[in-house]
Amino acid sequence: MQSDAKVAWDRQYEWKAVALLSLGFGLVGIDRFMIMPMFPAIMKDLGLTYQDLGHITGILAIAWGISAFFMGNISDRIGRRKVVIGSLVIFSLLAGASGLAGGVGGLLLVRALMGFSEGAYAPASITATLEASKPTRHGLNLGIQQMAMPLFGLGLAPILVTQLLEIVDWRWIFLLVAAPGIVVAFLLYRLLRNVPRAAAALHTATHDASAHRWTDVFRYRNIPLNMVGMLCWLTTLVVTSALMPNYLTDHLHLDVQAMGFVLSGIGFGASLGTVLMPWLSDRLGRKPIMIVSVLGAMGFLLLLMGTGADPVWLFLFLFGAHFFNFALICLTVGPLSVEAVPAALMATASGIVIGTGEIFGGGVAPIIAGTVAHHFGIQYILHLAVGAMLVGFIVCTALKETAPRRARKDLVREPAPSPVNG
């Protein structure tokens, strides 16, 4: 087995690949979340209900989850390159097509197809990022790649979209986002490599380059735990983003510009937390950072529940909640899953974790939240997020450490994980 010091690392390729894969994930964030601050306008134009908003959000997440579940394994078989580039082109074109929808049915169809293509990009790009990174920089580089999604989709997009709504129809805003994705896909076509399995094994805690069946991922303890955890983190994300615009405008009676400002707290908090906390996990370990993050997210959600129509405090509490929530998401879909399994199952593990979380946390949760808001009042949706974090805390206490600096002694004592302890 080669040590990190004996590997001639291509640092230039590392940073170029991380930068382009980050831009791609940023476009995923824009395409997925830019619709949310437009929901009040779309709702009025197309005659939608709160339940319709939940369905529109949920169907993309369910399609995303189904795609990630299967496409992660396919990318392990055919390589990251084809999956990353192809999915980037397709979801960029579909995002533009969202502006052509004439009713709820057309919007549901386009968003479902878009979710399928974005779900293919997610596990393949996560694994490609880790394969391009030096193992001791896994947390930092994946944090940079994952940061782009909330920064662009939840930080910049709400401000930009709410300002554009003052001068153009919501349909035109969708049509503006297709071209950047095509450009990034072309650049990745010129740069991205498929990494041989033997080299990819250096990025795992098992250092196992042998062939495996996809079902073997369930032998490794972190994978079923991360499946439950991802459900919790995405329940919190979707509940506090998809229905938050209407919570702010209908329940707290903020105007559209104030709503856009408050929502940007999600993106900016998530962007900082997605880089800082995984970077700390490279040094302090994945598990302690997960426990701190779940407690921090829960605390800020409780503060948010008791806050009235004060945009500054709402911004700060959303910032804090998603600073920690996105750290949980990043570590769950990346290092804690990918590092825990053999090289042949890296994207499979990430895809299964993402898929389970998206289908149930991202797909079912907004439908439940939309139903709760419709029948009982939108002010009750935050209770779902707090409940999800309580479950997530239990999950975090049971995780197995995978950070190279913390897990190396365990690897010497336990080189081949068993079905029980893996």
Side-chain angles (χ1 to χ4, degrees), residues 24-71 86-122 149-150 152-154 157-158 161 164-165 169-178 180-181 234-235 237-246 263 266 354-355 357-371 373-374:
F25 215 53
L27 293 172
V28 168
I30 291 175
D31 294 348
R32 179 171 184 174
F33 294 116
M34 68 183 292
I35 193 173
M36 294 175 181
M38 290 191 280
F39 270 158
I42 297 173
M43 191 176 184
K44 181 179 179 180
D45 194 15
L46 300 183
L48 307 182
T49 66
Y50 288 143
Q51 285 179 299
D52 291 328
L53 302 189
H55 292 154
I56 291 167
T57 304
I59 197 168
L60 183 144
I62 291 171
W64 179 308
I66 293 171
S67 175
F69 201 95
F70 294 103
M71 293 302 293
S87 60
L88 185 54
V89 171
I90 293 170
F91 77 67
S92 297
L93 295 175
L94 287 169
S98 297
L100 304 177
V104 65
L107 201 53
L108 286 170
L109 176 61
V110 172
R111 301 296 286 183
L113 293 172
M114 199 170 93
F116 192 88
S117 58
E118 291 179 346
Y121 183 86
M149 181 176 177
F152 285 78
L154 293 169
V161 166
L164 286 173
L165 283 171
D169 186 76
W170 60 269
R171 297 179 184 276
W172 285 102
I173 299 175
F174 281 116
L175 298 175
L176 297 174
V177 301
L234 287 184
T235 294
L237 168 61
V238 174
V239 167
T240 56
S241 58
L243 294 179
M244 189 55 64
N246 289 90
L263 285 182
I266 300 176
I354 293 170
E358 288 286 355
I359 291 170
F360 295 101
V364 176
I367 294 173
I368 295 173
T371 302
H374 182 73

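These numbers come from a predicted model, not from an experiment.
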- Item | Any L94 side-chain heavy atom under 4.5 Å of E118 side chain | no

- Task: Starting at CZ of F116, measure out to CE of M71 and round the result to the nearest 0.5 Å.
- Result: 6.5 Å

- Query: For A122 and I354, which heavy atoms make the closest approach, and how far apart are they?
  - Reply: CB-CD1, 3.9 Å

- Query: Looking only at heavy atoms, what is the nearest atom pair of G96 and L175, with distance?
  - Reply: O-CD2, 3.0 Å

- Note on the structure: Correct closest heavy-atom pair for A120 and S87 would be CB-CB, 4.0 Å

- Note on the structure: When every non-hydrogen atom of P37 is compared with those of L263, the smallest separation belongs to CB-CD1, 4.4 Å

- Note on the structure: In short, A63 meets A112 closest at the heavy-atom pair CB-O, 3.1 Å

- Task: Please list, chain by chain and in numerical order, all residues satisfying side-chain contact (heavy atoms from CB on, under 4.5 Å) with L109, sequence neighbours excluded.
- Result: L113

Side-chain donor-acceptor distances from residues 39-46 under 3.5 Å, at least two apart:
from, atom 1, to, atom 2, distance (Å)
D45, OD2, W170, NE1, 2.9

- Note on the structure: What one should report as the nearest heavy-atom pair of I90 and S117 is CG2-CB, 3.8 Å

- Given side chains that start at C-beta, do those of I59 and I62 come closer than 4.5 Å, heavy atoms only? no

Distance-only criterion, 3.5 Å: show the donor-acceptor pairs between side-chain atoms of residues 27-35 and protein atoms not counting sequence neighbours.
from, atom 1, to, atom 2, distance (Å)
R32, NH1, E358, OE1, 3.4
R32, NH1, E358, OE2, 2.8
R32, NH2, E358, OE1, 2.9

- Task: Show your working on side chain to side chain contact (heavy atoms under 4.5 Å, CB included) between F25 and F152 and close with a plain yes or no.
- Result: CA-CA 9 Å; F25 215 53; F152 285 78; over 6 Å; no

- Item | From L108 atom CG to H55 atom NE2, the distance as rounded to the nearest 0.5 Å | 8.5 Å

- Looking at CG of L237 and CD1 of I266, how far apart are the two atoms once the value is rounded to the nearest 0.5 Å? 7.5 Å

- Kindly say whether W64 contributes a backbone atom to a donor-acceptor pair with the side chain of S67 at under 3.5 angstrom? no

